[in-house]
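Have a look at the structure below before the remarks.
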4 protein chains.
Amino acid sequence: MRITKHPEERKQEILETALGLFEEKGIQKTSMNDIAETMGVAKGLIYYYFRSKEELVEAVVESFSEGVEKEIKMLLSTEGLSFHRRLGQVVKVFFLSIQEHPALMSITPKNPGLFELVKTSLSELALRHAKVLLQKGVEEGYLNLQYPEYMLKILIHGIADLYVEGVVDPKVHCTLIEEALGLSTGTLLKEF
Amino acid sequence: MRITKHPEERKQEILETALGLFEEKGIQKTSMNDIAETMGVAKGLIYYYFRSKEELVEAVVESFSEGVEKEIKMLLSTEGLSFHRRLGQVVKVFFLSIQEHPALMSITPKNPGLFELVKTSLSELALRHAKVLLQKGVEEGYLNLQYPEYMLKILIHGIADLYVEGVVDPKVHCTLIEEALGLSTGTLLKEF
Amino acid sequence: MRITKHPEERKQEILETALGLFEEKGIQKTSMNDIAETMGVAKGLIYYYFRSKEELVEAVVESFSEGVEKEIKMLLSTEGLSFHRRLGQVVKVFFLSIQEHPALMSITPKNPGLFELVKTSLSELALRHAKVLLQKGVEEGYLNLQYPEYMLKILIHGIADLYVEGVVDPKVHCTLIEEALGLSTGTLLKEF
Amino acid sequence: MRITKHPEERKQEILETALGLFEEKGIQKTSMNDIAETMGVAKGLIYYYFRSKEELVEAVVESFSEGVEKEIKMLLSTEGLSFHRRLGQVVKVFFLSIQEHPALMSITPKNPGLFELVKTSLSELALRHAKVLLQKGVEEGYLNLQYPEYMLKILIHGIADLYVEGVVDPKVHCTLIEEALGLSTGTLLKEF
DNA sequence: AATGAATGAGAATTCATTCAT
DNA sequence: TATGAATGAATTCTCATTCAT
């Protein structure tokens, strides 16, 4: 049975199936065959949309980040919010997007890869969007940091890894962020 | 030509060769054959010492951590040092051990793995040793943290990832740690 | 050169090639490579049809038995034959099917395996089909046996092994069967 | 720790260990390493006593048969026993020797080999010793068989295989033998 | 757009056997 | 007699990728 779909729709379907399997079994242990089989589609079809497995992996990561990016953009477009409020929202978006993909976090020594890539991608994304916000925080005196961007990176990577190790309470994360940024206790927490 | 060595020596040799190749080409792209060839030894010999590639990988990570652990133990055994001094030293050990293995940090989408494993292992190790130190810092009022251990983890993972992305200046790291822990500027830096 | 065939045809081809090689060199000494090479086909293709060597071996045995089963079914479907005639025919089918695969029987200390598997499979098959026949023989008084099914098994296995050891004359087999079943001399033999 | 033993003692020890492992895991899946490890001895030592694995396998089978042979010889040396009594005893010896090695019978598709070899070896042995006995039976009119030796073979192989398939009751075996040889019911059974 | 049989280059692993000590 | 590190060749199995249909 041969089911024809719109290219974009099909591409999306592959991306989602791949993401699911990568989360479940790791990139390496997911074969192109697995993906095709799960979709109920022939192996060759995937190669019609993606030149190689590598390209597919990149596309999956990109696609994931794009989802997060959309939400962030929406948030930041709202005018007139205070620095703390905004920061709180950005943090929230990150953790919500991670919470929606719990399997993403299940890295084991036998199953590395995807998380690391996603993390890096998210971190870059965060930086792109938070630069201005951080600058503002520094200028307005809310933040007293020499390397605000680096600190942001550390927090994203570090908390993500903490998450992987089982610390999933957003309150804890907020407290840690407050302390690291030198904000007074509860500043972020009250945004949740 | 058949060269026999003492098991411990040979095991060490395998471990070192494997570490080198893992760093250079990634775990996945390093075949057991590569390791044997590099050593000028038969493939089977590696299986004489390690039941499988997986076991070898674990052993390599463990061995790496043990090296770092030894140095830390030495440091912490020295009596009578101030909290800041000690903290500075621990931080130093970590970054020195990482600096000795720059290739360890070269993750690419094609080459994931070892670093992630080592990082987790190092993080656990750090916690084990720094617990008391942190507690002391909190008690003595140098640190004002609700979750000192989590903060430590964040810093280790976060800075390690920062390192991977090319930020390798220890001064920057120190400053970031100072800021995150709420120490006054230069407290750690002067230990370097 | 890439020659594509219909799956069923190809599967059959693999089965036959494998059977031939198993007979010739024994299961153990026949590598998946041998089979592929003999077929002029890539190694991977065999794994496309059979998950493992073990599965292939099972399929070969099964396929062999199925061939014999077909012939038996045909025989038994003919109505109105006497007990002795029928029994004679069943015995005949077995020995003909074995005679067609003389190599099957060449077990040596270095080459065990396939025969043993086939024998068991054939024995089960024989029982399934001969049960009614034997029952009938017992009821009609031709056979005076307490365990007709066990006797059948003994005869199948025993004569098969005798065959392996070089006793291949069907007349001898018939005589032995007659004696074991307590039939009068020549009852079966005249069917041949 | 290097324990030196008398050559014959050591050889015997190897034979027994090998038999045990062959029964447990099959010949093929038992490595020379397994044997050495089980004995707590170095691999090389086995090669000191047996040139190759093949030679070891042969020796194991031979050694097993020798054990049975001894018992049979003892039996047959007793003078003045009736034909039926003797036959009963010989049958008994076989089944007792098999019963002492239940694992010998656990053939599976994955684990062929030893049983087949032992069976053949036992069958040859049986023939050697029973020839005279059978001849006597025929001459004295107890047996009415054209190929007494073949019938013996069939019975040994056939019943052994029956045994493997789970029919282990000696009474059933006796009945089958009686029927196959055309002895009157109970002739053998009462010897047990 | 889609199929899926076929490829082929590797990969891990196993093990009987050897040999220097 | 005994050790056990070392060999090396074979073997099973995997999988990204191709291509004729």
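Predicted model, so just to flag it, every value in this text is computed and none were measured. Within every chain, numbering begins at 1; the chains are lettered A, B, ... in the order of the sequence lines, protein sequences first and strands thereafter.
Place C:T4 and B:P7 on DNA chain F by their nearest nucleotides, and B:P7 ends up nearer the 5' end. Between A:R10 and C:I46, the residue whose closest nucleotide on DNA chain E is further toward the 5' end is A:R10.
With sequence neighbours left out, A:E66 forms a side-chain contact (heavy atoms from CB on, under 4.5 Å) with A:E62. The side-chain hydrogen bond (donor to acceptor under 3.5 Å, both in side chains) test applied to D:T17 returns no partner, not counting sequence neighbours. Listed by chain and number, the residues in a side-chain contact (heavy atoms from CB on, under 4.5 Å) with C:E16 are C:Q12 (sequence neighbours excluded). With sequence neighbours left out, A:E13 forms a salt bridge (charged side-chain N to carboxylate O under 4.0 Å, His left out) with A:K5, A:R10. Residues satisfying the side-chain contact (heavy atoms from CB on, under 4.5 Å) criterion with A:E124, sequence neighbours excluded, are A:T120.
One interatomic measurement links the two molecules: NZ of D:K29 to P of E:dA16, which rounds to 13 Å at whole-angstrom precision. C:E9 places its CD atom 18 Å from the P atom of E:dG4, with the value rounded to the nearest Å. Residue B:H6 contributes atom NE2, which lies 18 Å from atom P of F:dT3 at whole-angstrom precision. Distance NZ (C:K5) to P (E:dT3): 25 Å, rounded to an integer number of Å. Between the CD1 atom of A:I14 and the C1' atom of E:dA2 there is a distance of 11 Å, given to the nearest Å. We find that CD1 of A:I3 is positioned 12 Å from P of E:dG4, with the value rounded to whole Å. Rounded to whole Å, atom P of E:dG4 lies 17 Å from atom CD1 of A:I35. The separation between B:L45 atom CG and E:dT13 atom P is 15 Å, rounded to whole Å.
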inquiry  = Only Watson-Crick and G-U wobble pairs with both distances less than 3.5 Å should count. Give DNA chain F in dot-bracket notation, marking inter-strand partners with |.
reply    = .||||||||||||||||||||
Expected list for residues 30-37 of chain C: side-chain donor-acceptor pairs under 3.5 angstrom, two or more places apart:
from  : atom 1 : to    : atom 2 : distance (Å)
C:T30 : OG1    : C:L21 : O      : 3.2
C:T30 : OG1    : C:G26 : O      : 2.7
C:S31 : OG     : C:N33 : N      : 3.3
C:S31 : OG     : C:D34 : N      : 3.0
C:S31 : OG     : C:D34 : OD1    : 3.4
C:S31 : OG     : C:D34 : OD2    : 3.3
C:D34 : OD2    : C:K25 : NZ     : 2.9
C:D34 : OD2    : C:S31 : N      : 2.9

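For B:E8, the CD atom sits in a loose shell: 12 or fewer heavy atoms of surrounding residues, nucleotides or ligands are nearer than 6.0 Å.
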request  = Could you walk me through whether D:L19 and D:V61 pass side chain to side chain contact (heavy atoms under 4.5 Å, CB included), step by step?
outcome  = CA-CA 8 Å; D:L19 175 60; D:V61 173; over 6 Å; no
Atom pairs under 3.5 Å, N or O on each side, protein against nucleotides 16-19 of chain F: can you list them with distances?
from   : atom 1 : to    : atom 2 : distance (Å)
F:dA16 : OP1    : A:K53 : NZ     : 2.9
F:dA16 : OP2    : A:M32 : N      : 2.8
F:dT17 : OP2    : A:Y47 : OH     : 3.2
F:dT17 : OP2    : A:K53 : N      : 2.9
F:dT17 : O4     : A:K43 : NZ     : 3.1
F:dT18 : O2     : C:R2  : NH1    : 3.3
F:dT18 : O2     : C:R2  : NH2    : 2.4

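Pairs of residues two or more places apart, or lying in two chains, never qualify as salt bridge (charged side-chain N to carboxylate O under 4.0 Å, His left out) while including a residue from residues 38-50 of chain C.
Looking at heavy-atom distances under 4.0 Å, D:Y49 makes contact with sugar-phosphate atoms alone, never a base.
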